[in-house]
Amino acid sequence: MSESPKLSASSGLASASIAEAPAPTSPHPSSRSSIPHSSVSLRVNGTRYALTLDTRTSLLDALREHLHLTGTKKGCDHGHCGACTVLVNGTRINACLSLAAMHDADEILTIEGLGTPDDLHPMQAAFLRHDAFQCGYCTPGQICSAVAILDEIERGVPSHATGDLTARMEASHSELRERMSGNICRCGAYSNIQAAIAEIVGGAA
Amino acid sequence: MRPFTYERAASPAAAIAAVTATPGAKFIAGGTNLLDLMKFEIETPTHLVDVRSLPLATIEDTEEGGLRIGALVTNTDLASHPRVKRDYGVLSRAIVAGATGQLRNKASVGGNLLQRNRCPYFYNTAVPCNKREPGSGCSAIGGVSRSLAVIGTSELCIAQNPGDMAVALRVLDARIEAMNAAGKTRTIPIAEFFRLPDFTPAVEFALRPGELITAVTLPPPIGGSHHYHKVRDRASYAFAIVSVAAVLHEDGTGRVAFGGVAPRPWRVERAEAELPQGSEAVVAAAFDGAKPTQDNAFKIPLAERALALVIAEGRG
């Protein structure tokens, strides 16, 4: 699959040289020393950040408010909408339902690490070609999910749309639709999102 | 969210000691349910003990030919395991009928068993709820109860268990291993794991304070055709209105449990003995003594139709 080199290249950074970046200053320095904090070393898109955060900080808020990686979006903040989808050690999760403190030593990949305007990930390019968005707010999450589900199908992870559990998984339209159900698009760009992913899959009937 | 302190446990014993020693402490694994409830301040732990680095994330064959599933195995990894897909298909099917890919990647088997109920009044902190505030009253009784339980309820609570995985585990006679502060492990049959509300609806599980789920074990495979049929308000990503987990044999016998209808996965062995007689006989026996509300009485005929469909599927 065309997107897998990107994924493995990125996860390879975990063992290769890791750039040290100074931790950006917290936008809300707490004057109340009674609020518990914890130290965490986050590896995001190949760069390591040492942070001391209020223990309540979600991975999503750490990315957006502390590291200023605002590509990952906050929608519902309750795991319903998928706007905050990121890849952690290669699998997609909702960054809103995870504490930053729980990701010490994890390899986190956000939309910023997937591709850049000058070097788009194939899935990003396909979303552009198929006009797979309107307002764009859910798009980073949609793209991170789309990249991850192709890997899930490859690894034999079943879904509710899977017929024979023991047969080789196929990236059929019904499989793609079901697997993308954790990413809501209020503009209703679903048909073009589907088309973009299907193009990357290639030949999905 | 209320402030809390956080630590990462180095061993099961250390995790249990930390939770036992700290009033208001809780274990956290995937956190997909706990953090959601903490944001609503329905759960207000003072201290979180992160158990994810404990060595409880493997699936192993047991000597008897079954499986021992570590409590930290993710829902995705359990549903994807070759032996689960081959020998315990009802479990794979039930897991992928629940939540989303993102949530299943994070949720753990142990944590999924401890998923709290989804009664809308449990989530609404402005109104009474006997699960949230024991003794405050039940807002669901006489309220909007379409999604709630029809059997196994009490005068204090009519919330249903929302799980999918647990319904399949009930059909498979899974057992839950839990370790206590003395380092002793006991085994709880899944039939006894989920408590009915009776007079103490806030007590939902058979775990004792400080006990940590370490594994779920499955007996050797029982063959048959495996089915999980979930009826819900959307085609995907919604809790069950009714679900049916079944393992059916060619001679017409089998096992069946219902989800979304009771405070626990609802399996009545006397009722499943009626499987050769068909879905009406099974459901009549399984829901004998049901006390549905006006809003959710439809669940009983719906359960019958869902089971009829599953039986037809089983006959191919």
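Reminder, nothing fancy here: chain letters follow the sequence lines and each chain counts from 1.
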- Query: Among B:Tyr237, B:Tyr6, B:Phe4, who wins on heavy-atom pairs under 4.5 Å with chain A?
  - Reply: B:Phe4
- So CZ of A:Arg92 and CD of B:Gln102: to nearest 0.5 Å the spacing works out to 4.5 Å
- Message: Looking at B:Lys85 and A:Gly156, would you say the former's side chain and the latter's main chain have a donor-acceptor pair under 3.5 Å?
- Response: yes
- Task: Might you confirm whether atom CD of A:Glu170 has over 12 heavy atoms from other residues, nucleotides or ligands at distances under 6.0 Å?
- Result: no
- Query: Considering only heavy atoms from C-beta outward, does the side chain of A:Thr55 approach that of B:Thr5 to under 4.5 Å?
  - Reply: no
- Contact leader toward chain B among A:Ile149, A:Asp77, A:Thr91, where contacts are heavy-atom pairs under 4.5 Å: A:Asp77
- Task: May I ask you to check whether over 12 heavy atoms, not counting those of A:Arg155, lie within 6.0 Å of atom CZ?
- Result: yes
- Message: Please classify the contact of A:Asp54 with chain B as side chain, backbone, both or neither, using a heavy-atom distance under 4.5 Å.
- Response: neither
- Can you tell which part of A:Thr85 gets under 4.5 Å to a heavy atom of chain B, answering side chain, backbone, both or neither? side chain
- Query: To the nearest 0.5 Å, what is the distance between NE2 (A:His78) and CZ (B:Phe40)?
  - Reply: 3.5 Å
- Message: My understanding is that only one of B:Arg93, B:His226, B:Arg86 makes a side chain to side chain contact (heavy atoms under 4.5 Å, CB included) with A:Leu165; could you say which?
- Response: B:Arg93
- Minimal heavy-atom distance between B:Pro3 and A:Ile35, with the atoms involved, is CG-CD1, 3.9 Å
- Task: Taking atom CD of B:Glu60 as the centre, report whether more than 12 heavy atoms of other residues, nucleotides or ligands fall under 6.0 Å from it.
- Result: yes
- Note on the structure: Honestly, the part of B:Ile95 sitting under 4.5 Å from a heavy atom of chain A is neither
- For each of B:Thr100, B:Leu103, B:Leu34, B:Leu35, tally heavy-atom pairs with chain A at distances under 4.5 Å, and name the one with the top tally. B:Leu35
- Task: Measure the shortest side-chain to side-chain distance between A:Val157 and B:Asn105 over non-hydrogen atoms and say whether it is less than 4.5 angstrom.
- Result: no
- Item | Reported CE-to-OG distance for the pair A:Met169 and B:Ser80, which is rounded to 0.5 angstrom | 7.0 Å
- Query: If you count heavy-atom pairs under 4.5 Å between each of A:Thr166, A:Thr162, A:Asn183, A:Ile93 and chain B, which one has the most?
  - Reply: A:Ile93
- Task: Supply the atom-to-atom distance B:Arg52 CZ to A:Asp104 CG, rounded to the nearest 0.5 angstrom.
- Result: 10.0 Å
- Query: At a heavy-atom separation under 4.5 Å, does A:Leu99 approach chain B through its side chain, its backbone, both, or neither?
  - Reply: both
- Might you point out which heavy atoms bring A:His160 and B:Ala235 nearest each other, and give the distance in Å? CD2-O, 4.4 Å
- Item | B:Asp50, part contacting chain A, at a heavy-atom distance under 4.5 Å | side chain
- Query: Out of B:Met38, B:Lys106, B:Lys39, which one racks up the most heavy-atom pairs below 4.5 Å with chain A?
  - Reply: B:Lys39
- Message: Taking every non-hydrogen pair under 4.5 Å, which of A:Glu152, A:Met102, A:Arg179 racks up the most with chain B?
- Response: A:Met102
- B:Ala107, part contacting chain A, at a heavy-atom distance under 4.5 Å: neither
- Who wins among B:Arg232, B:Arg234, B:Lys230 for the most heavy-atom pairs under 4.5 Å with chain A? B:Arg232
